[in-house]
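Here is the naming used below: chain letters follow the sequence lines, and residue numbers restart at 1 for every chain. Owing to the predicted nature of the structure, the values given are computational and were not obtained by experimental measurement.
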Amino acid sequence: MTAILVDDLTFGYTGKPIFRNLSLELRLDNLDTGCIIAVMGASGCGKTTFLRLITGLERSRSGTISVEPSDMMISYLTQEPVIFDHLSRIQNAEYFRRVKAVKARFDTQLFNRLLGKLHLEDTIAYEASPSLMSGGERQRLVLLRALSLRPKILLLDEPCTGLDLPVEQEFLMMLREITDEYGLLVLYITHHAEEARLIADQIVYMFWDRQRDHVVVTHKGFPEFIKAPPTIDAARLFGGSASNVLDCSIEDGVLKHQPTGTPIGRYSGGAPELYAYKVVFPPETVHWKDSVGIEVTCVARSSTFCFALLLGSGRDVRLIGPPCETDVTHAALEGIAYLFGSDGRQFGQIRIEGSDL
Amino acid sequence: MAAFLILYGTIVGTQEYAKAQLILRASAGTGTELASQRISRYYEYYSAMDPSFATGIALSYSAFFLVCCLLAAFVIVPLGTWLLSVSARLVCFLPRSDKCDLTLVANSFGLILLIGLCLPLLFLVRYLRPEMIVLAPRLLEAVVLTLAALAFVMVSALLFAIVARIVFQRTLEGFSRRSLPYFLGMLVIQFIPPIGVAFCGYYWLSAFRAWIGSGPLVWALWITGQALLTFPIVASFIQYTHFAVRNRELDFHRISKATLREIVMSSFLGRFAVPYVLASLFGFALIWNEFTFNSVMSGVVRDLPSFALELTQRVDGLGASYFEAVDLIVISFLPVLAGLLLWQHLARHQRAGHR
């Protein structure tokens with residue numbers, strides 16, 4: 001069964017380790033379908049390094065990274081596609097035919113099938129420089145080249161960077177289809193929750209733990225991750241870019257904004273009272289009402305709005321930020337939010353009922 | 001970067017000065033004086049009569065040349081650029097608001113530069129004589145010798161630059177603080193011959209002459225010497241060209257388990273044929289015009305076939321013959337022209353492939 005096994009791995013570029021005693025098992029459980037694991041985390045937390053360790057481009061100081069079965073082919077697609085501009089398009093696509101060590105693995109039948117699946121027949125037949133190809137075509141071409149060796153593990157480092165939305169979605173759908181058809185184990189680095197939502201089965205989330213002074217890696221199935229993201233940043237990532245973080249407390253089942261004491265919503269979960277919390281919620285959770293209590297549509301929402309609104313002294317506050325269609329003077333929280341202790345302790349997803357407050 | 005430029009400037013400046021003094025010696029009579037030499041000559045002439053007048057005249061000449069220089073920098077160059085841009089616009093029929101085609105401006109610059117280079121040559125052509133053919137075998141020898149040295153330099157520079165790019169992947173991914181010591185180190189190679197001479201004088205040459213005479217090893221020594229002088233410049237140029245090979249590309253080769261030969265063929269040789277030819281032309285010009293080392297070697301080898309030496313002999317001393325010098329200069333353009341045509345052909349071929 002296809003798997004990537006990380007055992008007690010320690011690695012760092014200078015004296016300071018990025019990963020310390022990391023153990024992880026990324027396995028393709030279901031043989032009928034493939035598995036896409038989104039590798040996420042803030043910039044510089046070691047996502048690309050992790051992929052480079054798997055490929056063997058970086059050597060660990062101690063511990064091991066191995067793949068099962070050991071002779072399995074790994075393909076790695078870097079953030080910017082590697083395309084040789086001095087070769088023709090077809091020469092680029094069939095590049096592995098030239099490489100002595102892997103040319104025996106080149107699968108012509110698969111190559112021809114994928115050529116159609118990835119809509120590259122015309123692009124490749126066109127006798128023009130590869131430098132004239134669009135971003136989407138370049139990504140598809142390198143994917144075709146990578147898959148032509150029939151790999152079982154595919155590592156992708158932000159392949160959708162620089163692609164516009166329709167091209168990105170098309171690429172992701174193709175990736176999902178190919179993954180399932182050929183039973184691939186795909187590790188996919190992305191910063192975008194939407195991409196992960198669209199294709200990921202599991203999430204590997206990395207974050208720098210200041211107390212332990214190294215990167216902590218969590219690995220969960222996608223639904224579990226969404227239910228209980230490991231950090232406030234992870235919660236904000238999936239809550240949208242305009243997610244808000246507020247200090248609050250729980251008193252008699254009511255979530256109160258601190259230090260103003262403004263009630264935000266009702267809470268019926270199991271989190272203890274008399275504890276300092278942070279609540280993370282996407283802007284959609286806030287319902288905007290005008291001065292007579294009628295819900296209105298806000299044309300623009302940003303973190304500035306919500307902060308300005310809820311950090312005020314009461315519930316009727318003046319809005320600061322981009323203008324709304326109407327004078328909005330009332331807000332309540334209602335919907336899904338994430339609750340964390342101010343020390344970073346995780347209390348998972350909560351539902352806030354605030355409309356009747 | 002600044003240190004690198006200072007070192008490079010000093011070396012090139014010193015060499016240029018040596019050329020001006022030794023090969024194309026300045027002379028008021030032939031009108032080949034540089035501004036600095038004219039100031040110096042006037043100062044020395046008048047200082048014997050009236051030192052303060054000499055100082056005054058030197059200062060006034062300096063001021064005049066400075067004004068000329070400032071005019072060139074701030075008036076003539078911008079004016080020329082503006083005129084070129086206007087002419088390019090007129091040729092393209094572009095409205096004033098549209099962006100001008102930079103290629104056209106660059107080509108116009110190139111054309112003017114070419115005319116500027118060819119005019120003196122055309123001026124010289126009228127002095128050509130049929131007797132110049134007797135110089136051909138001598139120059140052919142010089143060309144062969146130069147090509148042999150060039151081949152050695154190019155092969156070693158290519159091997160060095162390719163292996164360095166692969167081995168020092170992170171250091172040589174671009175021109176940076178990390179790669180600076182590497183380039184400075186390359187430049188230091190150029191100091192080996194002068195440092196050697198400074199420490200040993202010319203004793204080693206007489207010892208060498210007594211030891212091997214003037215057999216093929218002398219030519220090996222000549223080639224090595226030329227390589228030491230040319231290698232750093234050519235190899236640096238090639239190394240700079242190799243910045244185009246990105247680290248992700250080298251990583252791709254490593255993951256693909258490509259052999260060194262496959263990496264060299266796919267990422268270097270096949271791709272940079274045109275820059276390599278350009279580097280060869282550059283290297284050829286350096287070896288062809290090199291004077292100092294040839295002058296030293298002429299003490300070991302009688303009748304060393306060197307263009308620079310031949311030219312010096314014809315413009316300096318009792319056996320000077322300016323007509324023959326003109327012949328030499330005109331003939332020496334032939335290999336350069338051949339190289340340029342080859343480069344042009346390859347560049348066009350590559351451009352056609354990119355379309």
Side-chain angles (χ1 to χ4, degrees), chain A residues 13-14 48-49 51-59 67 71-89 91-92 94-106 126-133 138 142 145-146 148-149 151 153-155 157-159 161, chain B residues 103 158 161-162 165-174 176-178 238 240-279 343 345-355:
Chain A
Y13 283 111
T14 51
T48 301
T49 305
L51 258 57
R52 288 173 67 85
L53 280 160
I54 295 170
T55 57
L57 288 170
E58 304 289 353
R59 301 260 171 233
V67 290
D71 61 337
M72 187 197 309
M73 189 72 208
I74 300 177
S75 283
Y76 175 42
L77 268 62
T78 49
Q79 197 171 345
E80 281 177 65
V82 175
I83 287 183
F84 302 102
D85 286 343
H86 61 290
L87 301 180
S88 69
R89 296 175 182 199
Q91 281 172 329
N92 266 290
E94 294 183 341
Y95 181 77
F96 290 124
R97 279 186 198 274
R98 297 160 163 246
V99 182
K100 200 175 164 189
V102 291
K103 67 178 175 189
R105 287 177 182 264
F106 188 87
Y126 187 46
E127 281 184 14
S129 168
S131 60
L132 300 174
M133 289 195 301
R138 289 167 82 85
V142 290
R145 182 177 63 195
S148 67
L149 292 180
I153 295 177
L154 187 61
L155 310 175
D157 192 349
E158 298 186 53
T161 306
Chain B
T103 319
L158 274 176
I162 290 171
R165 181 69 190 91
I166 295 168
V167 175
F168 305 114
Q169 195 173 321
R170 291 215 173 124
T171 309
L172 294 176
E173 67 179 333
S176 65
R177 220 174 253 250
R178 272 191 296 191
I238 294 173
Y240 180 80
T241 307
H242 288 174
F243 288 160
V245 179
R246 309 306 303 164
N247 278 354
R248 60 175 183 274
E249 194 175 319
L250 295 173
D251 288 343
F252 170 77
H253 286 305
R254 279 175 65 188
I255 295 169
S256 313
K257 298 181 180 73
T259 59
L260 183 65
R261 189 181 156 276
E262 284 162 348
I263 297 173
V264 170
M265 291 312 289
S266 59
S267 278
F268 295 94
L269 291 187
R271 180 197 245 165
F272 300 120
V274 175
Y276 291 160
V277 172
L278 191 64
W343 182 64
H345 170 76
L346 281 170
R348 196 170 296 161
H349 184 72
Q350 197 173 59
R351 266 204 304 273
H354 275 208
R355 263 184 230 122

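Considering all non-hydrogen atoms of both residues, A:Leu53 and A:Arg59 come closest at CD2-C, 4.1 Å. Closest approach of B:Phe243 and B:Gly174 over heavy atoms only: CZ-C, 3.5 Å.
Remark: aromatic rings of B:Phe272 and B:Tyr240 are distant, center separation not under 6.0 Å.
Using modelled atom types and a 3.5 Å distance limit, the side chains of A:Tyr95 and B:Ser256 yield no donor-acceptor pair. Between A:Ser131 and A:Asp85, the side chains place no donor N or O within less than 3.5 Å of an acceptor N or O (distance only, hydrogens not considered).
With chain B as the partner, the residue from A:Leu149, A:Leu57, A:Val102, A:Thr78 showing the most heavy-atom pairs under 4.5 Å is A:Leu57. Here B:Arg248 is the residue among B:His253, B:Met265, B:Arg248, B:Arg246 with the most heavy-atom pairs under 4.5 Å with chain A.
For A:Arg89, no part sits under 4.5 Å from any heavy atom of chain B, backbone or side chain. Proximity to chain B (any heavy atom under 4.5 Å) is shown, for A:Leu87, by neither the backbone nor the side chain. Contacts between A:Glu80 and chain B at a heavy-atom distance below 4.5 Å involve backbone atoms as well as side-chain atoms.
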